[in-house]
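We name chains A, B, ... by the order of the sequence lines, and we start the count at 1 in each one. Note that the structure is predicted; figures quoted are calculated from it, not measured.
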Protein chains: 4
Amino acid sequence: MSPTPSSPSTAAGTKRERRKEARPGELLEAALDLFVEKGFAATRVDEVAARAGVSKGTLFLYFPSKEELFKAVVRENIAGRFAEWNNELENFAGTTSEVLRYCYQVWWERIGCTKASGITKLMLSEAQNFPEIVQFYQQEVILPGQALIRRILERGVARGEFRPMNPDYAVYLVLAPMIFLMLWKHSIGACVPDALGMTPEQYIDMQADNILHGLCVRSGTNPPAPSFSTPV
Amino acid sequence: MSPTPSSPSTAAGTKRERRKEARPGELLEAALDLFVEKGFAATRVDEVAARAGVSKGTLFLYFPSKEELFKAVVRENIAGRFAEWNNELENFAGTTSEVLRYCYQVWWERIGCTKASGITKLMLSEAQNFPEIVQFYQQEVILPGQALIRRILERGVARGEFRPMNPDYAVYLVLAPMIFLMLWKHSIGACVPDALGMTPEQYIDMQADNILHGLCVRSGTNPPAPSFSTPV
Amino acid sequence: MSPTPSSPSTAAGTKRERRKEARPGELLEAALDLFVEKGFAATRVDEVAARAGVSKGTLFLYFPSKEELFKAVVRENIAGRFAEWNNELENFAGTTSEVLRYCYQVWWERIGCTKASGITKLMLSEAQNFPEIVQFYQQEVILPGQALIRRILERGVARGEFRPMNPDYAVYLVLAPMIFLMLWKHSIGACVPDALGMTPEQYIDMQADNILHGLCVRSGTNPPAPSFSTPV
Amino acid sequence: MSPTPSSPSTAAGTKRERRKEARPGELLEAALDLFVEKGFAATRVDEVAARAGVSKGTLFLYFPSKEELFKAVVRENIAGRFAEWNNELENFAGTTSEVLRYCYQVWWERIGCTKASGITKLMLSEAQNFPEIVQFYQQEVILPGQALIRRILERGVARGEFRPMNPDYAVYLVLAPMIFLMLWKHSIGACVPDALGMTPEQYIDMQADNILHGLCVRSGTNPPAPSFSTPV
DNA sequence: GATGAATGAGTGTTCATTCAT
DNA sequence: TATGAATGAACACTCATTCAT
């Protein structure tokens with residue numbers, strides 16, 4: 001006569017079970033928030049647990065140490081987008097300048113202006129203390145990211161839009177301004193709000209203009225020399 | 001009839017006095033090492049004192065707090081050098097392109113490739129947790145640094161070498177690659193030595209080429225389009 | 001078929017729970033002992049914790065700072081009792097002289113001759129160094145204490161037993177001898193046991209006699225002039 | 001041909017010598033100030049030395065420890081006045097009530113309202129930590145002080161002005177209000193300036209009135225019943 | 001599985017005391 | 001005699017981690 005227990009596989013189980021299964025995810029989300037906000041050292045596990053609505057002891061049930069929690073956050077939040085992205089850019093029709101600009105734009109919308117940018121900052125910041133994580137990050141994030149950019153550059157060269165270049169080098173022309181912006185946003189920018197002096201979009205446009213001006217062969221279809229005049 | 005004792009006031013004094021005068025410098029050096037190596041929060045004042053060969057109490061004799069110690073390190077290694085640099089660059093004879101390249105070179109020699117670059121990384125990494133330090137850094141390092149670059153850009157525009165531009169914006173074209181390099185070096189680069197794929201000098205040349213290509217008006221005296229070919 | 005485990009929610013719970021509920025009390029008692037014995041500044045929180053049988057960390061689990069621990073001690077032992085005392089004295093039937101004598105007696109039994117009297121001594125001793133605590137003490141102990149005495153005096157005046165007076169002033173006629181006795185006990189008296197030359201009860205009687213002799217209107221029902229003869 | 005050194009016994013020596021001889025005194029004065037102001041524990045020997053215009057090391061040349069410095073301050077500042085005082089009061093012409101009031105007045109002028117009152121507060125406060133000093137204080141200050149008061153009371157009884165009494169007890173009727181006032185002034189009064197609610201003079205008058213009212217036999221020459229009305 | 005009370009090593013900072021000069 | 005640089009043992013307070021329930 002007891003009510004048929006809803007099968008956990010069909011209706012996601014009771015509240016308790018659902019919560020149980022959701023625990024690690026809730027903890028990772030809370031940890032992401034706090035690690036991004038305060039950095040690794042300054043984040044307290046009590047606070048992570050509290051924000052996830054569990055006790056401190058429960059956190060240690062799922063993650064054997066603060067360090068492992070941190071690694072799990074990195075794993076959870078960084079890789080996985082590249083497949084989709086690669087696809088998108090591979091199929092993009094248009095000049096390679098447009099591809100590059102689109103790439104910047106997409107990056108800003110999906111990473112740069114979101115919490116996820118904090119992970120990059122956090123990785124760079126706490127790298128020294130967790131060398132093993134850096135290895136992982138290098139394999140799963142940095143190399144795929146560089147490959148993605150490199151493919152764009154090679155496309156430009158192949159189509160005669162960009163000058164011949166060593167794409168392994170030129171990748172950093174594209175990368176550096178993005179990394180810089182994320183870092184600025186999560187450090188100086190968080191303390192001195194208008195320290196940058198312009199909007200992120202203006203910053204990105206300016207950097208893209210300059211990079212493309214350096215990369216492109218001169219022709220009617222290519223962008224004119226950037227002017228950097230105040231748009232305001 | 002004993003030999004005249006060397007007057008303590010004349011010749012560098014006793015051992016104790018000599019050590020005393022050297023103390024702040026030794027502490028600053030030890031502090032720089034450790035701050036760069038471990039970050040601000042993770043550096044223990046005991047360790048700084050130990051590395052300088054003094055007791056913890058002695059450190060507090062010279063610096064009233066860990067924070068002030070850090071500020072002193074920043075002043076010693078970065079902030080205090082702007083006057084000299086400004087002078088140097090102000091008196092530089094040559095095209096503004098040459099000034100900018102010289103600026104990059106000097107920066108790399110005196111900051112970028114030294115331990116001092118770690119301070120920049122550290123500031124960006126731990127900014128959020130120590131807002132007071134950020135204010136200090138903003139005033140004593142960032143603003144002077146931006147002003148220095150801006151003056152170069154304005155020189156270029158005034159002399160008709162650079163296109164008209166908003167120098168407050170364009171400053172970041174110069175800044176971002178430098179910051180990126182320092183960060184890379186002290187994070188990924190510290191764990192995966194050859195992750196960058198080129199020497200810092202190559203990186204700098206490449207970035208300078210590209211920037212100048214975007215900035216300069218076209219003329220016979222200005223640099224040709226960068227090629228980014230592998231110099232091996 | 002195992003015996004029903006006693007529900008933890010019903011019967012005083014497990015050892016751990018029982019201990020947990022007792023912790024604050026045990027800490028307060030240990031703190032009272034040590035504060036009285038050594039003063040506020042000289043009391044170490046480690047020692048308080050040790051005497052309560054817990055670790056230093058545990059103390060800070062219950063009291064956020066040494067200062068708050070002290071305040072809790074004051075509340076537990078003095079400030080929290082005024083409500084009851086006020087009630088008791090308000091409902092006292094008898095002449096106001098009797099009320100005052102009863103007040104002295106009650107004070108001596110519940111404060112003066114107990115460890116709690118040490119708190120008063122401690123407050124007066126260390127006041128200057130901890131102004132914030134003085135504010136607290138002024139609000140939670142001194143003002144209520146004065147109000148209590150003042151109400152007695154006003155009762156006496158209203159009932160024609162005491163001469164007209166400014167009760168704000170006269171309060172100190174009652175207060176000063178009590179304060180003096182507590183101080184003496186915890187300073188000179190602690191080092192030279194018989195320095196006072198009489199028992200505390202004799203001291204109190206004598207002071208009460210003298211005060212009432214000054215306060216009362218002359219009548220048959222009021223106390224005769226005090227004689228201060230040695231009762232041996 | 002060197003100038004005759006002025007004999008130190010005649011003209012107090014050169015500045016250097018005079019200062020040298022004055023050192024301990026200057027240190028004691030500085031120590032008195034600071035001990036009274038902040039208490040024993042909270043007074044820093046650096047500060048004492050600085051206020052005396054010498055280095056910390058010099059202080060330890062004259063006093064082997066902070067504790068010994070404290071003892072020296074007590075020795076220097078407390079005894080010595082009693083001979084003069086005894087004389088003065090012994091030769092006082094007038095009623096014993098007047099003697100007692102004069103005693104209060106003199107005490108307030110020369111001790112109560114001066115820094116010296118801080119020593120009493122300080123002795124009572126830090127007594128527990130220095131039992132040996134309490135012995136000394138008992139012999140050199142407390143007993144003479146009590147004797148002085150007792151002699152006044154005995155004079156009053158002998159002249160038929162005061163009722164018969166046990167003067168060893170009654171001494172505290174006179175003492176307690178004085179001690180209380182000094183303590184209040186240096187503790188609560190220092191933090192909450194108007195906490196007493198009246199001037200010290202009003203307080204003293206009130207206490208004297210009340211004591212004398214209790215002590216005196218009734219007659220035309222004796223004070224009337226105190227009224228304690230607000231004089232303002 | 002989940003709790004949260006308990007821990008104790010470790011922080012930055014202070015200060016009486018020492019001692020080479 | 002006088003200095004003041006140097007010390008190091010404390011101190012209040014924190015927090016990742018454990019474990020009995």
With side chains defined as the heavy atoms from C-beta onward, is the minimum distance between A/Lys71 and A/Phe136 less than 4.5 Å?
no
Phosphate OP1/OP2 of E/dA6: any C/Tyr62 side-chain N/O under 4.0 Å:
yes
For residues 125-132 of chain A, which residues have at least one heavy atom under 4.0 Å from DNA chain E?
none
Taken in chain and number order and not counting sequence neighbours, the residues that satisfy ring-ring contact (aromatic ring centres under 6.0 Å, His included) with B/Phe70 are B/Phe35, B/Phe40
Tell me every residue that passes salt bridge (charged side-chain N to carboxylate O under 4.0 Å, His left out) with A/Glu76, counting only those two or more places apart in sequence or in another chain.
none
Could you give all pairs that pass the salt bridge (charged side-chain N to carboxylate O under 4.0 Å, His left out) test and reach residues 53-65 of chain D, with sequence neighbours left out?
D/Asp46-D/Lys56
Measure the distance from CG on B/Leu61 to C1' on E/dT18 and round it to the nearest whole Å.
14 Å
For DNA chain F, which ranges pair as stems of 3 or more consecutive Watson-Crick or G-U pairs, with both donor-acceptor distances under 3.5 Å?
E:2-21 with F:2-21
Per-nucleotide protein contact string for nucleotides 8-14 of chain E (B base, S sugar-phosphate only, - none; heavy atom under 4.0 Å):
B-BSBBB
Roughly, in whole Å, what's the span from CG in C/Leu59 to P in F/dC11?
14 Å
Only counting residues at least two apart or in another chain, list the ones meeting side chain to side chain donor-acceptor pair (under 3.5 Å) with C/Ser55.
C/Thr58
Whole angstroms only, please: what is the CZ-P distance between A/Phe63 and E/dG1?
14 Å
I need the CD-C1' distance between D/Glu68 and E/dT17, as an integer number of Å.
14 Å
Does the side chain of D/Val54 come within less than 4.5 Å of D/Tyr62's, by heavy atoms?
no
So, using salt bridge (charged side-chain N to carboxylate O under 4.0 Å, His left out) as the criterion, who are the partners of A/Glu67 when residues are at least two apart?
none
I'd like to check the salt bridge (charged side-chain N to carboxylate O under 4.0 Å, His left out) partners of B/Arg44; sequence neighbours left out, ordered by chain and number.
none
Taking CG from D/Leu69 and C1' from E/dC15, how many angstroms apart are they, rounded to a whole number?
15 Å
Could you list the residues that satisfy salt bridge (charged side-chain N to carboxylate O under 4.0 Å, His left out) with D/Glu47, not counting sequence neighbours?
D/Lys38
Please name all residues satisfying side chain to side chain contact (heavy atoms under 4.5 Å, CB included) with A/Arg51, sequence neighbours left out, ordered by chain then number.
A/Ala30, A/Asp33, A/Leu34, A/Glu37
Side chain to side chain contact (heavy atoms under 4.5 Å, CB included) with C/Ala72: which residues, sequence neighbours excluded?
C/Leu28, C/Phe63
Let me know the distance between NZ of A/Lys38 and P of F/dT14, rounded to the nearest Å.
14 Å
What is the distance, to the nearest angstrom, from the CG atom on D/Leu34 to the C1' atom on E/dC15?
15 Å
